[in-house]
Amino acid sequence: MKKTRKPLVIGNWKMNLNVSQASLLVSRLDKHVKAHRDVEVVLAPSLLVLQPVSMQIDRHKFRLAAQNAYHKDEGAFTGEVSFTMLRDLVGYVLIGHSERRIYFNEDLNEIRDKVSACVRNGITPVLCIGESRTERRAGETRQVLHDQLVTAISDLTAEEVAGMVVAYEPVWAISTFGGEIAKPDVVEKDLKFIRKQIEDLYGEKTAKDVRVIYGGSVDDHTAKAYLDIDGCDGVLPGGASLNYHKFAGIVEAAYKSSKEKDGKKN
Ligand code: PGA
């Protein structure tokens, strides 16, 4: 049976690894990460090392993502790099990561503009959304997820939404902000809610096609429980993606989970 939503593992290296450290990690990943036709493995290095990493990776095994880009295509925007500049280099760009929202004050409109620029340049956006601990405690999770999602994709067509990736990353579960381990049944409900919002706005087919993944302290021990969730199409590890052994374990978990899900369907 043809898979409509290929499982995705995206390693977010954040602001770690210089050129030689990145090169060492890539050679270790190359040795330890097994290529599986049914799992897409993506590395998200810093902008500085994207180019050398792109020349080193085996493209049958790994694809690349940038962690951020600016929404204008070119011009006098000192210090920025545009989606246009990245489009021959990466297949994905992370947009709206909570570290960008919190440390760099990216607001809903800026994130919407980035998502539009990303799609306009033929790159797949990985839109990160998630509530803070305070918002969850106040019972505002759904409102926050709704607002972050709906604003970010408001300029896109149904077809464009179908082709994107939404990463649910509760802020309280990200290692940077406390790293509380989210229970898979909690994650399952929120992933369902996200897909339902897309269904309500863009129809059943779009909701069926869009990939919704999970991130927040995912490692080789916890990955499978998230990946096994019906409707979870992948994971976005940060810290664990810097360790070749853990990252390889996460990729294997994605492969196993996907085989088991296929078995259930047949
Ligand atoms: P973490 O990061 O796995 O270190 O919690 C995930 C992320 O921020 O994308």
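Numbering starts at 1 and runs along the sequence shown. What you see below is based on every heavy atom in this structure, not just the backbone, and it leaves out hydrogens, waters and symmetry mates. Each ligand, and each atom within it, is numbered from 1 in the order the structure gives.
The residue from Arg101, Arg112, Lys114 that alone fulfils the salt bridge (Lys or Arg N to Asp or Glu O under 4.0 Å) condition with Glu106 is Lys114. Among the candidates Asp190, Asp200, Asp233, Thr206, the single residue satisfying the side-chain hydrogen bond (donor to acceptor under 3.5 Å, both in side chains) test with Arg195 is Asp233.
Within 4.0 Å of ligand 1, the residues that place a heavy atom are Asn12, Lys14, His97, Glu169, Ile174, Ser175, Gly216, Ser217, Val218, Leu236, Pro237, Gly238, Gly239, listed by chain and number.
In this structure, Thr222 contributes its side chain and Asp219 its backbone to a donor-acceptor pair below 3.5 Å.
For Arg133, the CZ atom is densely surrounded, since the number of other residues' heavy atoms within 6.0 Å is greater than 12. The number of heavy-atom neighbours closer than 6.0 Å to NZ of Lys61, taken from other residues, nucleotides and ligands shown, is above 12.
Grouping Ile, Leu, Val, Met, Phe, Trp and Tyr residues whose side-chain heavy atoms lie under 4.5 Å apart, directly or via other members, places Leu94 in a hydrophobic cluster with Leu8, Ile10, Val42, Tyr92, Val126, Val165, Ile213, Leu236.
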